[in-house]
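Before any comments, here is the structure.
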Amino acid sequence: MSEAVQRIVGAYVKLRNRKALEDMKVHRQRLITELKSAHGAFDLSLSIKQLDDEIAVIELGLWMLNTAAAA
């Protein structure tokens with residue numbers, strides 16, 4: 001997992017920037033869709049796995065924002 005993504009998500013959570021987190025998530029979902037539809041000689045499974053891991057971190061950030069808003 002990229003420490004950079006964890007730090008970016010952490011900063012957006014501190015700033016309560018839900019839109020930025022949602023945009024990051026949508027962008028990565030779009031990339032996964034494109035990679036899965038790509039046909040070629042390259043194995044893209046590691047890239048897809050990394051994007052899935054990043055989405056999990058982003059979803060955790062969104063969950064943290066929801067929890068903070070409910071409190």
Side-chain angles (χ1 to χ4, degrees):
M1 167 49 47
S2 169
E3 185 178 338
V5 171
Q6 292 174 343
R7 288 179 180 230
I8 291 167
V9 169
Y12 284 147
V13 169
K14 281 185 180 180
L15 295 171
R16 302 189 194 291
N17 193 339
R18 177 179 308 280
K19 172 114 172 66
L21 289 173
E22 290 171 349
D23 289 347
M24 285 179 64
K25 182 179 174 183
V26 168
H27 177 67
R28 280 155 180 77
Q29 289 171 328
R30 190 175 315 126
L31 289 172
I32 288 172
T33 301
E34 290 177 18
L35 289 174
K36 285 182 177 179
S37 67
H39 302 287
F42 299 106
D43 180 10
L44 302 173
S45 61
L46 290 177
S47 297
I48 293 169
K49 170 75 169 102
Q50 181 176 355
L51 289 167
D52 280 334
D53 291 346
E54 291 177 5
I55 288 172
V57 171
I58 295 166
E59 288 176 342
L60 177 60
L62 289 167
W63 176 83
M64 292 169 68
L65 285 178
N66 289 338
T67 302

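Everything numeric here is computed off the predicted structure, so don't read it as measured data. Atoms considered below: every heavy atom in the structure, side chains included; atoms not considered: hydrogens, waters and symmetry mates.
- Legend: salt bridge (charged side-chain N to carboxylate O under 4.0 Å, His left out) pairs involving residues 11-22, not counting sequence neighbours, sorted by first then second residue: Lys19-Asp23.
- Every pair passing side chain to side chain donor-acceptor pair (under 3.5 Å) that includes a residue from residues 27-44 is listed here, sequence neighbours excluded: Arg28-Glu54, Asp43-Ser45.
- The cluster map of Ile, Leu, Val, Met, Phe, Trp and Tyr, joined by side-chain heavy atoms under 4.5 Å apart, puts Trp63 and Leu15 in different clusters.
- With hydrophobic clusters built from ILVMFWY side chains whose heavy atoms lie under 4.5 angstrom apart, Leu21 does not share a cluster with Val26.
- Put simply, the side chain of Met24 reaches to within 4.5 Å of the side chain of Val9, judged on heavy atoms.
- With rounding to the nearest 0.5 Å, the separation of CG in Leu60 from CG in Leu65 is 10.0 Å.
- Within the structure, no pair that satisfies the salt bridge (charged side-chain N to carboxylate O under 4.0 Å, His left out) test touches residues 62-71, not counting sequence neighbours.
- To the nearest 0.5 angstrom, Ile8 atom CD1 is 11.0 Å from Glu3 atom CD.
- Looking at residues two or more places apart in sequence or on another chain, you find a side chain to side chain contact (heavy atoms under 4.5 Å, CB included) between Leu35 and Leu44, Ser47, Ile48, Leu51.
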